[in-house]
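All remarks here apply to the structure that follows.
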Amino acid sequence: MPTFGKEERLCSRKVISHLIKNGTTFFNHPFTVKWIEIPLPQNFPIQMLTAVPKRNFKKAVDRNRIKRLTKEAYRTQKDFLLDGLDKKNKALALMLIYSGKKIMSQQETTLKLNIILRQLSKII
RNA sequence: ACAACAGUUCGGUUUAUCGCUGUUCGGGGCAACCCGAAAAGAGGAAAGUCCGGGCAACACAGGGCGCCAUACUUCCUAACGGGAAGGAUUUCGGGUAACCGAAAGCCAGCAAGUGCCACAGAAAAUAACCGCCUUGAUGCCUCGGUGUUAGGGUAAGGGUGAAAAUGUGAGGUAAGAGCUCACGUCCCAACACGGUGACGUGUCGGGGGGGCAAACCUUAUGGGUUGAAAGACCAAAUAAACCGGAGUUUGAGGGCUGCCCGCCCAAUUCCGGAGGGUAGGUCGUUGGACUGCGUUGGCAACGACGCAGCUAGAUAAAUGAUAGACUAAAACAGAACCCGGCUUACGGAACUGUUGUUUUA
RNA sequence: GGCUCCGUAGUUCAAUUGGAUAGAAUGGCAGAUUCCGGUUCUGUUGGUUGGGGGUUCGAAUCCCUUCGGAGUCG
């Protein structure tokens, strides 16, 4: 099911600061991706967080829109990543930082995120 | 009907599929929680943070100094630097004029003190440079005129300047001067009338005259400080530890409050250093100076009464995506403790009023 | 959420606490020098002092408002 509920989001401050300090980073325009493995007993095998820097987008409306587009794209395409994680018995914390300067449409965002998720599943 | 201006209201709707947030109901489960259904889910500015409150904490005794804000009147309001109605002033437009209309503003006080006013000009505020009048000394000569020099009086005149010592007329004088008088302008005080009042009109008296307080300042009034990262509670963890200092017949230091006095605290104390642990949850947190309708008081802002209604509450942060229709990828734009204003951004739609043009009667 | 500061030529900075054409360096342009270019020299250009309004005789400076930018507090 393409859901995106509470337990799929990254909420814990502790895990977030751990991720920012020690996470692995790669970049594929327009997203900077940070990820790290987390100890296994979790409610959901992958916890995700989106971020948009205030420096690039002054208006709250624009930041909200980008986050929503990103979440929507992630929601519809995360299945194959989950399968991979199930097989290898791992859990992930994931952070998507939008580094672009312009707002993309939904189709573009979906395409870009598809590329990135495939890249990530290969690395795992 | 169209256009312009002003004001008020609205601020996309809807169908299908997938998805998000809390709430309620039903079912399952010891419980955590899971499944299903229902109804609800950003704004007129949520913004800027320019003002005012509520609320909370800080041991608000009290006094002085400082700092900040405000500054015509009456009213509205919980309060305001907001709003309403009015007064005076200035500017603009119309009119021969009385006056009418519109707009604006940090509308107390340079008649408390201090300070500043470039350049130009004699002088920028205790005005004598030139000029005018006059006295002494002295030169000349036609013997009452003229020149030189020293002193005194004088603001009528002087090419400057943003601004030049209250305007006009008369008297007065050696020459002159608000020196005196009349009229006029402005200010102050008293009285009468009108008005709740600012103020207006009139009478009488006084005597001030450059400008600048968005110069320091004076007067009056108000303001304790800090802001939900305030604060309360629960859970988890831990260290009543260590080092240095202050201190007990006296006042160092501290008490989140500008400074001083004062008051309060006192080794189970305070301050500093270097470390350890936690960083989750609940409340605060949305029922309120609330919203809608009706009646009613008031010129109005706004108030009173009655009936009905419940209308976001997230916590890394919920409203989105896809396809289509209306009519067009609708504008500005996203709540974060809550209200009242102000200001700024904004595609379009509707209504009302005023002005102009055209058509018909 | 609160608080503080800053906006001047294309760029980097001045302007003696209100006083006159807003100045300097650099840049741009033109000329000289050179066979050509650079360097150097000379001349010249360029400003709504972020925008709007006000006070004043006079505003970059004082006041109000607004726009933009930067910093800071757990």
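The chains referred to below are lettered A, B, ... by the order of the sequence lines, with proteins before strands, and numbering in each begins at 1.
If you take CD of A:Gln77 and P of B:C18, they are 19 Å apart, rounded to a whole angstrom. Going from atom CE of A:Met104 over to atom C1' of B:A329 covers 18 Å, rounded to whole Å. Spacing between atom CD of A:Gln106 and atom C1' of B:G19 amounts to 12 Å, rounded to whole angstrom units. Put simply, CG on A:Asn64 is 15 Å from P on B:G43, counting in whole angstrom units. B:G334 atom C1' lies 11 Å from atom CG of A:Asp62, rounded to whole Å. Distance, A:Lys67 NZ to B:G320 C1': 14 Å, rounded to whole Å. Between A:Glu108 atom CD and B:A321 atom P the separation is 14 Å, expressed in whole Å. Computed from coordinates, the A:Ile66 CD1 to B:U319 C1' distance equals 17 Å when rounded to whole Å.
Here B:G44 is in the syn range [glycosidic angle within 90° of 0]. Classification of B:A42 as syn follows from a glycosidic angle within 90° of 0. In C:U39 the O4'-C1'-N dihedral to the base is more than 90° from 0, which defines an anti nucleotide. Against the 90° criterion about 0, the sugar-base torsion of B:G12 places it in the anti range.
Within the 4.5 Å cutoff, no side-chain heavy atoms of A:Tyr98 are placed close to those of A:Leu69. You'll find the side chain of A:Thr109 reaches within 4.5 Å of the side chain of A:Phe31, heavy atoms only. By the 4.5 Å heavy-atom criterion applied to side chains, A:Leu96 and A:Val33 are counted as neighbours.
Each of A:Gln107 and A:Met48 lies near RNA chain B, and the nucleotide nearest A:Met48 is the one positioned closer to the 5' end. Map A:Thr50 and A:Leu69 each onto its nearest nucleotide of RNA chain B; the residue landing nearer the 5' end is A:Thr50.
The P atoms of B:C141 and B:U135 are separated by 24 Å, rounded to the nearest whole Å. Rounded to whole Å, the P atom of B:A88 lies 10 Å from the corresponding atom of B:C199. Rounded to a whole angstrom, the distance from the P atom of B:U344 to that of B:A349 is 24 Å. Nucleotides B:U168 and B:G178 are separated by 10 Å at their P atoms, to the nearest Å. Spacing of P atoms, B:A84 relative to B:U49, comes out at 27 Å, to the nearest Å. Atom name P, nucleotides B:A336 and B:U285: the rounded distance is 15 Å, in whole Å. Between the C1' atoms of B:C58 and B:C264, the separation comes to 14 Å (whole Å). Separation of the C1' atoms belonging to B:G211 and B:A165 is 13 Å when rounded to the nearest angstrom.
Residues passing the side chain to side chain contact (heavy atoms under 4.5 Å, CB included) test with A:Thr24, sequence neighbours excluded: A:Trp35. Scanning for side chain to side chain contact (heavy atoms under 4.5 Å, CB included) contacts around A:Arg63 gives A:Val52, A:Lys54, A:Phe57, A:Ala60, with sequence neighbours left out.
From A:Leu113, atom CG reaches atom OG1 of A:Thr70 across 7.0 Å, with rounding to the nearest 0.5 Å.
Hydrophobic clustering (side-chain heavy atoms under 4.5 Å, transitive across Ile, Leu, Val, Met, Phe, Trp, Tyr) keeps A:Val61 apart from A:Met104.
A donor N or O paired with an acceptor N or O is found under 3.5 Å between the base of B:G334 and the side-chain atoms of A:Arg68.
Among B:A318, B:G320, B:U322, the nucleotide with an atom closest to any side-chain atom of A:Glu72 is B:G320. For A:Lys71, taking side-chain heavy atoms from C-beta onward, the closest of the listed nucleotides B:A317, B:U322, B:G334 is B:A317.
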Give each protein N/O atom lying under 3.5 Å from an N/O atom of nucleotides 331-333 of chain B, with the pair distance.
{"residue": "B:A333", "atom": "OP1", "partner": "A:Lys59", "partner atom": "NZ", "Å": "3.0"}
{"residue": "B:A333", "atom": "OP2", "partner": "A:Lys59", "partner atom": "NZ", "Å": "3.0"}

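In terms of heavy-atom proximity, A:Thr32 sits nearest to A:Ser99 at OG1-OG, 2.8 Å.
Taking side-chain N and O atoms only, A:Arg75 has no distance below 4.0 Å to OP1 or OP2 of B:G320.
Within the structure, side-chain hydrogen bond (donor to acceptor under 3.5 Å, both in side chains) pairs that include any residue of residues 111-124 of chain A comprise A:Asn28-A:Gln119, A:Gln77-A:Asn114, A:Asn114-A:Arg118 (at least two apart or interchain).
A:Arg63 comes within 4.0 angstrom of no nucleic acid atom, judged by non-hydrogen atoms across all strands.
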